[in-house]
Structure formats: C-alpha cells, structure tokens
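All remarks here apply to the structure that follows.
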Amino acid sequence: MRPQTMIGIFDEHGVRFRYPTDWEVEVEVDGPRTTVAVNAPDGVAFALVSLDEECPEPAEVAGNALDAMQEEYPDLDAVPVLETIDGHRAIGHDVEFLTLDSTNACCIRCFRTPRRTVFLLGQWSDLEGDDPASRFQLIRDSMEETDS
C-alpha cells in the first residue's frame with residue numbers, strides 16, 4: 001500500500017489550486033507576470049502556473065510553448081486539446097517525447113479570464129513512480145481565480 005499524498009493549497013496572486021505538499025513551491029513576480037513553479041522532490045516532474053495580467057491570446061501562448069518544446073525535441077508527438085478549466089475555455093496540447101531512453105509527457109493548457117491569461121504546464125517522466133500525471137491533474141482540476 002502506498003502512502004496517501006498530503007494536499008496543500010496555494011492561495012496567492014489571485015488564484016487558488018491544490019498541490020502535493022511534498023512538492024516545492026517557488027513564486028517569481030516579474031511586472032505583470034507571476035510564475036508559480038511546483039516541483040516534485042525527485043526533480044522528475046514539475047508544474048508551472050503563469051499568470052499574465054497583460055492578457056495575451058491563449059492560443060498564442062500555448063503555441064509558443066509547443067514551438068519551444070519542438071525546438072528542443074523535434075520528434076515529439078503533440079495532440080491539440082480543448083477543455084474547460086475554472087469555467088473558462090482552455091486551449092493546449094498533450095505532448096510526448098523521448099529523452100535519455102525515457103518517455104516524457106507534457107500537458108500545456110492556457111485560458112484567459114477578464115483579469116489575466118493563465119498558462120499551465122506540467123511535465124513528467126515515466127521514471128516517476130507515483131503517477132505524476134494525476135498530480136498535475138490535481139493542480140489543473142482545482143485551479144480557480146479568487147479575485148475576479
């Protein structure tokens with residue numbers, strides 16, 4: 001039986017989401033953009049939540065993220081995705097790529113609210129043993145704007 005994951009709540013900068021408490025949280029504010037990095041303790045998985053009050057177009061932000069990944073991993077596989085996050089239409093991509101003989105996955109999502117554009121990126125390796133995809137899903141499913 002594996003140990004149950006403890007859940008923390010990030011509630012700053014106008015957003016709230018849940019995350020595994022064994023993951024490290026770092027916040028960086030750069031003018032109108034705030035980035036929250038949530039990193040697994042073993043370094044094999046991470047999530048980024050970027051909040052941009054300049055409200056860039058979500059399709060452009062998600063496309064730029066995919067382009068950057070394609071530059072690094074030209075043979076990646078990407079599938080476009082549309083879903084709803086916090087009641088907003090989110091655009092993005094589910095990505096898979098190989099590196100150092102391991103399979104890696106990345107989930108890119110972006111949506112805009114009246115106040116900001118929210119960009120979510122989760123990346124993990126098949127080396128991670130505790131279902132990192134569900135850890136990122138926890139962040140994504142619990143994402144909510146608190147200052148709208």
Verify the cluster assignment for [X] and [Y]: are they in a single hydrophobic cluster under the rule of side-chain heavy atoms below 4.5 Å apart?
X	Y	result
Tyr19	Leu120	yes
Val44	Leu48	no
Phe46	Met69	yes
Leu66	Leu121	yes
Trp23	Val49	yes

Start with the C-alpha gap between Met6 and Asp22, add the side-chain angles, then the distance that decides, and say whether side-chain contact (heavy atoms from CB on, under 4.5 Å) holds. CA-CA 7 Å; Met6 299 297 292; Asp22 62 336; over 6 Å; no
What's the shortest heavy-atom distance between [X] and [Y], and which atoms?
X	Y	value
Thr117	Cys110	CG2-SG, 3.4 Å
Ser125	Ser102	OG-OG, 3.6 Å
Phe111	Arg89	CB-O, 3.4 Å
Pro114	His88	CD-CE1, 4.5 Å
Tyr73	Leu98	CD2-O, 4.2 Å
Ala45	Trp124	CB-CB, 3.7 Å

Using the ring of each side chain (for Trp, its six-membered ring), is His13 parallel, tilted or perpendicular to Phe10, with breaks at 30° and 60°?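 Ring orientation, 0 to 90° scale: parallel.
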How many angstroms lie between [atom1] in [X] and [atom2] in [Y], if you round to the nearest 0.5 Å?
X	Y	atom1	atom2	result
Leu51	Thr35	CG	OG1	7.5 Å
Leu138	Arg18	CG	CZ	5.0 Å
Asp52	Asp30	CG	CG	10.0 Å
Glu60	Asp67	CD	CG	10.0 Å
Glu12	Phe17	CD	CZ	9.0 Å

Quick one: does any side-chain atom of [X] pair with a main-chain N or O of [Y] as donor and acceptor, under 3.5 Å?
X	Y	value
Thr113	Arg116	yes
Arg109	Ala90	no
Thr146	Gly14	yes

Does Glu145 come within less than 4.0 Å of Arg115, counting only side-chain N to carboxylate O?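 Salt bridge: no.
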Any salt bridge linking Asp147 with Arg16? Criterion: basic side-chain nitrogen under 4.0 Å from a carboxylate oxygen.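 The answer is no: the pair does not qualify as a salt bridge.
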Criterion side-chain contact (heavy atoms from CB on, under 4.5 Å) on Gln123 and Phe97, from CA distance to verdict: CA-CA 11 Å; Gln123 186 173 315; Phe97 58 97; 3.5 Å; yes
Near Glu96 CD, under 6.0 Å, is it more than 12 heavy atoms from other residues, nucleotides or ligands?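 Atom CD in Glu96 is not crowded, with 12 or fewer foreign heavy atoms closer than 6.0 Å.
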